[in-house]
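We name chains A, B, ... by the order of the sequence lines, and we start the count at 1 in each one.
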Amino acid sequence: MTEVSPDSSPGGGETPPPTTAPPDNGWRQEYWRRNLRLMVILLAIWFVVSFVCGILLIQPLNNIVIAGFPLGFWFAQQGSIYVFVILILVYAKMMDRLDNEYGVNEQPAEGGAK
Amino acid sequence: MSEIQGWTLGFIIVTFAVYLGIAWRSRVKETTGFYVAGQGIPTVANGAAVAADWMSAASFISMAGLIAFLGSDGSIYLMGWTGGYVLLALLIAPYLRKWGKFTVPEFVGDRYSETVRTIAAIAAIIISFTYVVGQMRGGGIVFSRFLGLDITGGVIVAALIIFAYAVLGGMKGITWTQVSQYTVLIIAYLIPAIAVAQQATGIPIPQVSFGQILDELNAMSVQMGLSQFTEAFSARPQIDVFLVTMSLMIGTAGLPHVIVRFYTTKTVRGARYSAFWALFFIALLYTTAPAVGAFTKLNVLEAVNGVAVDALPAWVDNWAATGLITFGENVTTIGSVSNNPASGADLIVNNDILVLASPEIAGLPAPIVGLVAAGGMAAAMSTAAGLLLVISSSFSHDLYFRRVKKDSTDKQRLLAGRIAMGLAVLISVYAGINPPAFVAQVVAFAFGLAAASFFPVIVLGIFWKRCNATGAAAGMVSGMVFTAAYMIYTLPVFGTAAHAHIFDISPEAIGTIGAIVNFIVTIVVSKMTAPPPEEISEMVENIRYPAATRRTVSAGTTGDAA
């Protein structure tokens with residue numbers, strides 16, 4: 001899980017940071033890259049359960065019937081929504097961990113005082 | 001007054017008293033409270049408020065009815081109006097909370113330029129206004145049926161009450177009012193759904209039990225001249241289902257009145273969890289809706305199949321009085337049912353009444369019918385209030401304060417905001433009385449416009465530092481013009497001739513293409529023009545990390561430079 005990429009490779013599709021940014025940029029790039037990777041994985045699942053299972057492959061999946069529900073129909077009207085809820089929870093939990101690991105989590109005082 | 005009317009009136013008066021009481025207690029005098037509730041709302045409460053704000057008259061009143069007649073293709077609304085929250089939670093909400101100011105146009109203005117901010121403010125007003133019209137109509141339907149008013153009277157009563165507490169409480173009043181409205185609307189939705197599921201299958205969990213009746217419903221639908229409930233793409237072609245779903249999803253993530261709700265949390269972390277709670281609360285209703293649609297449709301079909309017109313159950317006559325149920329010409333016995341007046345079926349049932357009528361159709365007692373009416377009002381009013389706030393803040397904060405009177409005081413801006421809200425109510429009452437299409441469809445157009453204007457420039461603004469003001473302005477304008485042009489081209493509602501859909505793409509689906517146009521134009525124009533100044537790159541860099549400073553590095557000043 002905690003695979004750390006070397007700093008030499010630039011972030012995927014990202015423009016390099018501005019020259020005026022603070023010099024301790026390594027951790028920032030790494031944090032951002034891990035955030036992006038998590039995001040891409042979760043969005044891939046998002047696309048598969050809704051657009052692939054619920055729309056593109058709905059007709060073949062409908063040949064499988066579980067508890068009265070044709071499977072494609074179930075994904076389109078029930079399953080995809082359950083997965084969406086779980087995806088956001090997983091994202092929030094994983095980001096908590098990432099923030100802690102990189103020390104960018106918010107202090108209780110921060111934000112509240114605004 | 002009938003028993004149902006009495007219960008309805010009772011529930012509506014009690015719930016309204018609660019909403020107004022909350023609005024009065026949390027009334028605000030300064031703009032921070034008015035726009036973002038002082039950024040002190042707990043996560044779960046904020047989630048419930050987002051859910052109430054989100055679930056409009058379209059979700060509560062129209063959606064299950066639409067699904068009942070669309071069948072499997074009703075998934076466009078189910079997935080479209082929930083999947084957008086994944087995009088919102090992952091791509092937008094935490095970053096805009098970190099940046100943390102008042103309005104969506106303000107973010108666009110800081111990230112790009114004042115010109116882009118003006119375009120965004122106008123877009124926010126148009127989108128929210130389109131959306132608010134649907135709410136007025138929804139409120140009007142509830143009042144007209146249950147209180148015996150005509151639709152015009154119903155719309156006016158609904159508008160007055162929404163105006164009263166939105167103006168009084170601003171975002172703070174609205175947030176706590178919406179928490180109570182969510183409670184009312186979800187109870188009102190779940191109780192009859194559970195009762196109907198129990199009655200029909202013996203399993204009181206509608207999400208699970210409606211599988212049991214699908215075979216029967218399919219058979220019955222075919223017999224009554226409709227397509228099978230579970231058959232995919234009977235109402236829309238596959239490409240259109242795909243594009244409408246996508247358009248609703250990215251529209252959801254780009255709607256100013258939804259995004260702004262994540263500014264009200266205390267922290268970035270709070271914004272992420274708010275998104276989770278919001279979708280959790282929304283999913284309670286959205287997973288129930290297809291069950292309600294299926295059960296109600298079966299009940300309707302069984303109640304009227306082969307019955308003589310003068311022997312139909314009482315609910316048919318009640319709703320016929322509002323003009324939302326009509327009969328075909330010279331019909332004596334009901335042999336076919338449709339929601340389309342042009343279909344020539346014996347009985348035409350308007351989508352919008354199925355949820356409101358479902359307790360009556362299933363023969364549930366009067367208090368439950370009254371509760372559902374109060375729930376429908378809660379849904380319509382909570383959304384309308386959130387929208388009015390966006391109209392008001394876009395006008396006073398982003399247009400009036402920035403463009404007209406730059407030295408205006410806090411007090412003057414609050415007044416300008418309240419006047420803008422009042423004007424918006426007046427115009428939307430008129431439009432609610434003369435609506436351009438079904439409630440849910442009116443709302444769908446707002447999504448197309450939001451998808452084609454805000455989503456691309458916000459996401460690019462966060463994830464692509466090279467994106468500049470010229471690109472964003474060109475992208476937003478071209479996306480919106482393209483989308484609006486196609487809607488005007490295909491829809492007769494603007495007084496123009498309706499043309500056939502190009503490549504089977506319906507006007508609801510065009511937002512997806514509009515968003516792609518926006519993305520491409522923004523990227524190409526940005527690449528062709530100078531990169532944004534360094535302080536913008538730094539701002540973008542800063543919103544990517546939740547804490548102002550890294551913990552291990554010694555903490556500098558606490559407040560962000562803003």
Chemist: Would a line drawn from the ring center of B/Y85 to the ring center of A/W46 be shorter than 6.0 Å?
Modeler: no
Chemist: Decide yes or no on side chain to side chain contact (heavy atoms under 4.5 Å, CB included) for A/D99 and B/R272, but give the supporting numbers first.
Modeler: CA-CA 13 Å; A/D99 287 351; B/R272 295 183 194 132; 3.0 Å; yes
Chemist: Side chains of A/I88 and B/L88, heavy atoms from C-beta outward: is any pair under 4.5 Å?
Modeler: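 A side-chain contact is absent here, since even the closest heavy-atom pair is not under 4.5 Å.
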Chemist: Looking at chain B, which one of A/L87, A/L56, A/V83 has the largest number of heavy-atom pairs inside 4.5 Å, strictly under?
Modeler: A/L56
Chemist: Is B/P531 in contact with chain A via its backbone, its side chain, both, or neither, using a 4.5 Å heavy-atom distance?
Modeler: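 Interface part for B/P531: neither.
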Chemist: Within the 4.5 Å heavy-atom criterion, are B/T245 and A/S50 side-chain neighbours or not?
Modeler: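 No, their side chains stay 4.5 Å or more apart.
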Chemist: Is there a side chain to side chain contact (heavy atoms under 4.5 Å, CB included) between B/L87 and A/L43 once you walk through the steps?
Modeler: CA-CA 8 Å; B/L87 296 175; A/L43 286 180; 3.9 Å; yes
Chemist: Please report the shortest heavy-atom distance between B/P546 and A/Y31, naming the atom on each side.
Modeler: CD-OH, 3.2 Å
Chemist: Hey, could you give me the CH2/CG distance between A/W74 and B/L214, rounded to the nearest 0.5 Å?
Modeler: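 A/W74 atom CH2 to B/L214 atom CG measures 13.5 Å (nearest 0.5 Å).
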Chemist: Take B/R269 and A/D96 through the test salt bridge (Lys or Arg N to Asp or Glu O under 4.0 Å) and record every step on the way to the result.
Modeler: CA-CA 7 Å; B/R269 186 170 178 268; A/D96 274 356; 2.9 Å; yes
Chemist: Can you check whether B/T230 reaches A/N62 side chain to side chain, under 4.5 Å on heavy atoms?
Modeler: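 Heavy-atom side-chain distance check fails, nothing below 4.5 Å.
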Chemist: At a heavy-atom separation under 4.5 Å, does B/V208 approach chain A through its side chain, its backbone, both, or neither?
Modeler: backbone
Chemist: Return the CG to CZ distance between B/L279 and A/F84, rounded to the nearest 0.5 Å.
Modeler: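 That separation rounds to 8.0 Å.
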Chemist: Kindly compute the distance separating CG (A/L89) from CH2 (B/W277), expressed to the nearest 0.5 Å.
Modeler: 8.5 Å
Chemist: If I measure from the heavy atoms of chain A, does B/I76 come under 4.5 Å with its side chain, its backbone, both, or neither?
Modeler: neither
Chemist: Considering only heavy atoms from C-beta outward, does the side chain of B/F233 approach that of A/I58 to under 4.5 Å?
Modeler: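 In short, these two side chains touch, coming nearer than 4.5 Å.
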Chemist: Distance from A/I81 atom CD1 to B/I282 atom CD1, nearest 0.5 Å?
Modeler: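 Reported to 0.5 Å precision, the distance equals 10.5 Å.
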Chemist: What distance separates B/M246 CE from A/F47 CZ, expressed to the nearest 0.5 Å?
Modeler: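 Spacing of CE (B/M246) from CZ (A/F47) equals 5.5 Å.
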Chemist: Using side-chain heavy atoms (C-beta onward) and a distance below 4.5 Å, is B/M79 in contact with A/F75?
Modeler: no
Chemist: Using the benzene-type ring in the case of Trp, are the ring centres of A/F69 and B/F210 under 6.0 Å apart?
Modeler: yes
Chemist: With a 4.5 Å cut-off on side-chain heavy atoms, are A/L42 and B/V86 touching?
Modeler: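 Sidechains of A/L42 and B/V86: no contact.
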Chemist: As an exercise, state the distance from OG of B/S75 to CD of A/Q78, rounded to the nearest 0.5 Å.
Modeler: 11.5 Å
Chemist: Heavy atoms only, distances under 4.5 angstrom: which of A/A76, A/G54, A/S80, A/G72 has the most pairs with chain B? Name it, please.
Modeler: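 Top count of heavy-atom pairs under 4.5 Å with chain B: A/A76.
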Chemist: So do A/I55 and B/Q238 actually touch side chain to side chain, heavy atoms under 4.5 Å?
Modeler: yes
Chemist: Among B/A289, B/A275, B/G83, which has the most heavy-atom pairs under 4.5 Å with chain A?
Modeler: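 Of B/A289, B/A275, B/G83, B/G83 has the most heavy-atom pairs under 4.5 Å with chain A.
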Chemist: Using heavy-atom distances under 4.5 Å, tell me whether A/I66 contacts chain B through its side chain, its backbone, both, or neither.
Modeler: neither
Chemist: For side chain to side chain contact (heavy atoms under 4.5 Å, CB included), just list the numbers for A/Y91 and B/F276, CA-CA rounded to whole Å, side-chain angles, deciding distance to a tenth of an Å, and then say yes or no.
Modeler: CA-CA 9 Å; A/Y91 174 73; B/F276 162 71; over 6 Å; no
Chemist: Is it true that B/Y545 and A/W27 have ring centroids separated by less than 6.0 Å?
Modeler: yes
Chemist: Any heavy-atom pair between the side chains of A/Q77 and B/Y286 that's under 4.5 Å?
Modeler: no
